[in-house]
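In what follows, a structure is listed as structure tokens, so that the remarks can point back to it.
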Amino acid sequence: MTEHRYDPKAIEARWQRVWASEHTWEVANEGAEGREAVNSSYVLEMLPYPSGEPHIGHLKCYAVGDAIAHFRRRTGHRVLHPMGYDAFGLPAENHAINTGVHPRVSTAASIASFQRQFRAWGISIDWSRELATHEPSYYRWTQWIFLELYRSGLAYRKEAAVKWCPHDQTVLANEQVVDGRCERCGAEVEVRQLEQWFFRITDYAERLLRDLDEIDWPEHVKTMQRNWIGRSEGAEVSFTCEELGIVYPVFTTRPDTLFGATFFVLAPEHPDVMRLAAGTPYEREVHDYINHALTESNEERGAAERPKTGVPLGRTVTNPVNGEQLPMYVADYVLMEYGTGAIMAVPAHDERDYEFARVFDLPIRRVIAAETGASEQQTGDDALPYTGDGPLIDSHPDFDGLPNREALELIVDWLQREGKGHATVSYRLRDWLISRQRYWGCPIPIVYCDSCGVVPVEPDELPVQLPDIEDYAPKGRSPLAAAEDWVRTTCPACDGEARRETDTMDTFVDSSWYFLRYCDARNDEAAWDPAALSEWMPVDQYIGGVEHAILHLMYARFFTKALADLGHLDFQEPFASLFTQGMITKDGAKMSKSRGNVVSPAAIVERYGADTARCYVLFMGPPDQDAEWSDEGAEGMHRFLSRLWRLTGEVAERLDAGGSAPAASNPVQHNGGDPDVQLLRKAHWAIDKVSADLRRFAFNTAIAAVMELLNDCSRLREQTSAQTLGYALQTAGSLLFPFAPHLGAEIYERLTGDRVWEAPWPHADPALLERDVYELVCQVNGKLRDRVSVSSDAGPDELKRRCLTAPNVRVHIDGKEIVKEVVVPGKLVNIVVR
RNA sequence: GCGGCGGUGGCGGAAUCGGUAGACGCGGUGCCCUCAAAAGGCAUUGUUCGUAAGGACGUGUGGGUUCGAGUCCCACCCGCCGCACCA
């Protein structure tokens, strides 16, 4: 029996050698017609950030992607399935600060470790297209894209209040601040007024929103992006401070409530606040309030439940719809970042304004009545603030009595005619702040010249190489600023003295276009050949963690649209279909070193082999859901593969001994009810099931189907021929190949002599899927009472008769009146009695 | 508060179109093999009543539609995720 022992190490090493030496998974570009000629398919998993070793989440992600890639290859697709590394980033740089080891060195070590693991997992990667974003041959083109965006005005520099992480000593994009904290290190961010580089992603807000309808993405990811973009329709309305002669536009989604405005509020950061308060009795108080607001953390200020605070400004503005004078306030519940940093306050119909009005004892004027037929509760003053719909009241004779939604449009029209406002759309999305005061990133290809100002580096001078430095420690400015020799340069425009931009780019810039580079990864002349893109893009199936739902996925979509507008791409969306895999947890929590609950894929592969590890992470549950790691579960998967392997060995020996031909085709006629036919039917049922499950990403049930097939093989092994068993097991190996490629290939070869990846995906014979006999479910009043075996071609009357004569049915209908009979051929008969 | 997703045995989960709830796996129990153990094999395993045949109950809660509901509808409870003083 020892020769039947399942030895994954030997099996896996053997096939990995074959795939490496034969470059099995490489695919060549065949030009524009390539896409038409063969069914091209681009399957891509999000590129990993190489740090230490891959974790179990990587294993799951690549196991999912590889299963799809294999399935597509064997169903007639030419599959592009590349791999690369998101190699710039803070962890390597922080490591350098602590140890002095150059980030390039530690990154190279991590990449080597990732490569080793990916090969050990047997992932079918086209290694000829491998890339890493920190290589000059890659970031040269990142810089080129930056220049393209700069040229078209989509990259620009401006001074703004930006988020600063005191721990990482760099500014952050809005998307990288979560609950007022740095997404990476968790430090509370501060606001600083700094001049920084931005990408004009807000120009694309509408298209980023609209095109979500065109792509096959999980609804929750689309929802997150929609929330993030935060589109709201409304109007901009001008209020005028007559004393100072300044016009203040405000954004409101409720112009229908304009007649109910009773005060006016500016954000503490609003540049006019001090000017307005100057010379009023409130000057001192306003000054203190602003200072306090500015020093307060985001978190304190963001707490929704805190009581409203504010200070009067001692001024008024005129309400454009009725000329009323509204007192002005400064209050921190108004945000400078959204709208215009100023609001009209309608306490009767807005909860926040209502709260503020109660605190400051300001008038509350109801201008929208409750809908007709509304309860007493909604009509009285207790019902305020009222945010529902209803007819306008106490507003203006032209509008009173109109439903508010109708009035809203008429009021906006009227404002527009009077030049006091206009309909507009506001977005929550801000421009993408991309400069970072850190070393290990892509240099921004810009120089500053005293005479010419900001000057882009000439494209043929790229890449602007990242220089080696001595001291990586951030000091509030980029460590690059200390590399004097590198900073000092000549101006591309006038040849005079100039200084280089010392900030580097956000690493999300690097990963916003890598999927394009894979299509033409070795091109030294250009970022890509358009023909290569039209052959592969857009990515047919993208796979990755949901944690990138906003950041990476929004940035990549923006890049794609911007590059398309610049004439470099002929498609609008990078990822036609997206799959987000769930997290693997341990002890009910996310794995982390500090919790000490990390399951190392390397250890699992070492112990059970890659096939067990891959199958288990796919078997744990639906791949898009979180799943709890279980050592016993992994053990169980290993048992299954061992049993499959042992039985294959046994059957192969029986076949060898009998001198039989390989069991490559259906070995028996399917004419009877004998065990051979039963097993053959099971095999075809499994083919059908696994094929359907692969199409819907149900890997767990696909693997379960192969388990069922093996269970039947074991159960029927004494009663079936070696040929039938061989055929069933060969099918099992073939079906398991996308999940367990090494064992699948080994079994298939042992039984057929062929290479499974060169064999087409098995086809389920419809004749074998049909049953000639089935168990008819017999119900009485919807309750299961008996089962009888019936012929598949039995008609409704026959089925009814068989059900009525079933012994346990008779017990339950005896002495009762039959009211109705429901016959569902192929399923059941339900007898309704009274 | 708004939006999204989910709630099924001891556990992970299955049930694809309204038609046998609990596939498959883990765990448990009994047995076989063994000097013994490991490994492996066989059987069994929703709860409950019953010697059994069989019955009752059972998919978060309460209603409803239907011959029939885990699945559809209404109301609610709980959990997770995202957004949140966004005007």
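Each chain gets a letter, A, B and so on, in the order the sequences are listed, and its residues count up from 1.
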Is [N] paired to anything, Watson-Crick or G-U wobble with both distances less than 3.5 Å, and if yes, which nucleotide?
| N | answer |
| --- | --- |
| B:rG6 | B:rC78 |
| B:rA21 | none |
| B:rC42 | B:rG30 |
| B:rA56 | B:rU47 |
| B:rG1 | B:rC83 |

Which part of the nucleic acid, if any, lies within reach of [X] when heavy atoms closer than 4.0 Å are counted: base, sugar-phosphate only, or nothing?
| X | result |
| --- | --- |
| A:R226 | nothing |
| A:S232 | sugar-phosphate |
| A:Q779 | base |
| A:N830 | base |

Under 3.5 Å side-chain donor-acceptor pair for [X] and [Y]:
| X | Y | value |
| --- | --- | --- |
| A:Y333 | A:E355 | no |
| A:N711 | A:R643 | yes |
| A:D693 | A:T701 | yes |

Rounded to the nearest angstrom, tell me the gap between atom [atom1] in [X] and atom [atom2] in [N].
| X | N | atom1 | atom2 | answer |
| --- | --- | --- | --- | --- |
| A:I831 | B:rG19 | CD1 | P | 19 Å |
| A:D7 | B:rA39 | CG | C1' | 16 Å |
| A:L828 | B:rC67 | CG | P | 15 Å |
| A:M344 | B:rC85 | CE | P | 20 Å |
| A:N227 | B:rC2 | CG | C1' | 8 Å |
| A:K820 | B:rC67 | NZ | P | 5 Å |
| A:Q225 | B:rG4 | CD | C1' | 14 Å |
| A:K689 | B:rC24 | NZ | P | 12 Å |

*Quick one: closest heavy-atom pair of A:L710 and A:L729, and the distance?*
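Answer, listing the atom of A:L710 first, then A:L729: CD1-CD2, 4.1 Å.
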What interatomic distance, in whole Å, is found between [atom1] of [M] and the corresponding atom of [N]?
| N | M | atom1 | answer |
| --- | --- | --- | --- |
| B:rU47 | B:rA21 | C1' | 14 Å |
| B:rA14 | B:rG4 | C1' | 24 Å |
| B:rC73 | B:rA69 | P | 16 Å |

*Residue pair A:L362 / A:D353, side-chain heavy-atom distance below 4.5 Å*: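 With C-beta onward as the side chain, the pair stays apart.
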*Are side-chain heavy atoms of A:L208 and A:I201 found at a separation under 4.5 Å?*
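Counting from C-beta outward, A:L208 and A:I201 do come under 4.5 Å.
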Show me the protein contacts with nucleotides 9-12 of chain B, counting only N or O atoms at under 3.5 Å.
residue : atom : partner : partner atom : Å
B:rG12  : O2'  : A:M620  : O            : 2.8

*Quick one: classify the glycosidic conformation of B:rC83 as syn or anti, with syn meaning within 90° of 0.*
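Classified anti.
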*Which way is the base of B:rG41 turned, syn or anti, if we draw the line at 90° from 0?*
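Anti, which is what one calls it when the glycosidic angle falls more than 90° from 0.
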*Of A:W645, A:F619, A:Y608, which meets ring pair (Phe, Tyr, Trp, His ring centres under 6.0 Å) against A:H638?*
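When ring pair (Phe, Tyr, Trp, His ring centres under 6.0 Å) is applied between A:H638 and each of A:W645, A:F619, A:Y608, only A:Y608 qualifies.
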*Given the side-chain rings of A:F263 and A:F360, with only the six-membered ring counted for Trp, is the space between their centroids under 6.0 Å?*
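Centroid separation for A:F263 and A:F360: 6.0 Å or greater.
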_Residue A:D332, side-chain atoms from C-beta onward, closest of B:rA23, B:rC85, B:rU16_ =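 Nucleotide nearest to A:D332's side chain: B:rC85.
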